[in-house]
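No hydrogens, no waters, no symmetry mates; every other heavy atom, side chains included, goes into these values. What you see is a predicted model; the values in this text were computed from it and never measured.
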Amino acid sequence: MALTLTPGSLIVASAYPDPPFDLIDNGSASGFDIELMRAICAQLGLALQPVRYSGADFNGIFDGLAKRSYDAVISGTTITPDRSAIALFSQPYLEFNQGVAVNRRSTPNVASLADLRGLTAGIQSGNTSDIVARRLLAEGVIADIKYYPYHGIATALDDLEAHRIGLVIKLHPVISWLVKDRPALSVAIEVPTHENLGIAFAKHNEALCEAVNRALAALREKGEFAGLQARWFPRPGG
């Protein structure tokens, strides 16, 4: 049985924009995840064929694996029990926390979760940031949650700038990237969620998952993984 749907190619779905993991640069797919998959494909002797997932709810991206629309999903994807029930995941390749962005002009003193009291959180549909938001809502810390289509993160940030919502929660490196050109916004809090990111495959495709795991291990051993990580996730002051 062939490892991939199309011999010689690896069709990989990502949800854009999700920088620095997945972004479109001058019309071409780029970002850490895309460059990682190119390196993995080089190890496996495959040509990378990136495709764009445009659904409103991120969790819908996994349907394409079962429907044989693509071979794999990589999109800064947190491995969760619910997702693991419907997809097979590689070994974790990175770990990150959630970040909370606020408008410093309207809420200049936010330094802890308690300072979010009374505010409305903007959340992308199907994103793991929703777990944090629902917990804060249940604890009475935030007042409400406003949901945006997964591809509507720019609208959420526009609303934060316009004071229509009070915060946006998103994986820390992503929200940090997205607010860097918006002077009124900043990431005020990092919530220690310790999320492991993985590459997803169809449940039946253990062979492809194992091949990708071997390629990941080889990239780490050769230092290529560390080079990509340093390029896309530079340390502060580095």
In residues 176-183, what donor-acceptor pairs under 3.5 Å come from side-chain atoms, sequence neighbours left out?
unit_1: Ser176; atom_1: OG; unit_2: His172; atom_2: O; d: 2.8
unit_1: Arg182; atom_1: NH1; unit_2: Asp158; atom_2: OD1; d: 2.9
unit_1: Arg182; atom_1: NH1; unit_2: Glu161; atom_2: OE1; d: 3.0
unit_1: Arg182; atom_1: NH2; unit_2: Asp158; atom_2: OD1; d: 3.2

Given 3.5 Å as the limit, does a donor-acceptor pair link the side chain of [X] with the main chain of [Y], or not?
X	Y	result
Arg117	Gly140	yes
Thr4	Ser9	yes
Ser125	Tyr148	yes
Arg83	Thr78	yes

How close do [X] and [Y] get, counting heavy atoms only, and between which atoms?
X	Y	result
Tyr16	His151	O-CB, 4.4 Å
Gly166	Leu119	O-CD1, 3.9 Å
Gln43	Ala215	CB-CB, 3.8 Å
Lys203	Ala85	CE-O, 3.4 Å
Thr120	Lys146	CG2-N, 4.0 Å
Glu206	His204	OE1-O, 2.6 Å

Hydrophobic clusters here meaning ILVMFWY residues chained together by side-chain heavy-atom distances under 4.5 Å, can you tell me if [X] and [Y] are in one?
X	Y	value
Leu197	Leu228	yes
Tyr150	Val73	yes
Ile142	Val168	no
Phe21	Val12	yes
Leu94	Val212	yes

[X] side, atom [atom1]; [Y] side, atom [atom2] - distance, nearest 0.5 Å:
X	Y	atom1	atom2	answer
Leu216	Arg220	CG	CZ	6.5 Å
Asp57	Asn127	CG	CG	9.5 Å
Phe58	Asp18	CZ	CG	7.5 Å
Ile79	Ile199	CD1	CD1	9.5 Å
Leu116	Ile189	CG	CD1	4.5 Å
Ile61	Ser14	CD1	OG	6.5 Å

Begin with the C-alpha distance, continue with both residues' side-chain angles, and end with the deciding distance and a verdict on side-chain contact (heavy atoms from CB on, under 4.5 Å) for Asn205 and Leu65. CA-CA 10 Å; Asn205 207 344; Leu65 294 171; over 6 Å; no
Polar side chain donor-acceptor pair, Asp22 to Ser75, under 3.5 angstrom: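 Yes, side-chain donor-acceptor contact under 3.5 Å.
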Taking atom types as modelled, find out whether Gln124 and Ser129 have a side-chain donor-acceptor pair closer than 3.5 angstrom. no
Taking the side chain as every heavy atom from C-beta outward, state whether [X] and [Y] have any atom pair closer than 4.5 Å.
X	Y	answer
Leu36	Ile74	yes
Ile145	Leu136	no
Arg52	Ile24	yes
Pro17	Leu23	no
Asn97	Val191	no

Stepwise side-chain contact (heavy atoms from CB on, under 4.5 Å) test for Leu44 and Leu3: CA-CA 10 Å; Leu44 299 178; Leu3 287 180; 5.9 Å; no
Apply the test side-chain contact (heavy atoms from CB on, under 4.5 Å) to residues Leu185 and Asn103: give CA-CA distance (whole Å), side-chain angles for both, the deciding distance (0.1 Å), then the verdict. CA-CA 5 Å; Leu185 309 184; Asn103 188 322; 4.0 Å; yes
Checking side chain to side chain donor-acceptor pair (under 3.5 Å) against Tyr93, which of Asn196, Asn213, Asp33 comes through?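 Considering Asn196, Asn213, Asp33, a side chain to side chain donor-acceptor pair (under 3.5 Å) with Tyr93 is found only for Asp33.
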Under the side-chain hydrogen bond (donor to acceptor under 3.5 Å, both in side chains) rule, what do Thr6 and Gln49 come out as? Steps first, then yes or no, please. CA-CA 10 Å; Thr6 302; Gln49 187 178 334; 5.3 Å; no
Mind running side-chain contact (heavy atoms from CB on, under 4.5 Å) on Ile34 and Leu48 for me, showing each step along the way? CA-CA 9 Å; Ile34 303 303; Leu48 177 64; 4.1 Å; yes
Passing candidate, side chain to side chain contact (heavy atoms under 4.5 Å, CB included) with Lys170, options Ile175, Val100, Ile123: Ile175
For Glu139, I'd like to know if atom CD has over 12 heavy atoms of other residues, nucleotides or ligands within 6.0 Å.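 Atom CD in Glu139 is packed in, count exceeds 12.
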Step through it carefully: locate the ring centre of Phe225, locate the ring centre of Phe32, and say whether they are under 6.0 Å apart.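 Under 6.0 Å, so yes.
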Do Phe233 and Phe96 make the cut of ring centroids closer than 6.0 angstrom? yes
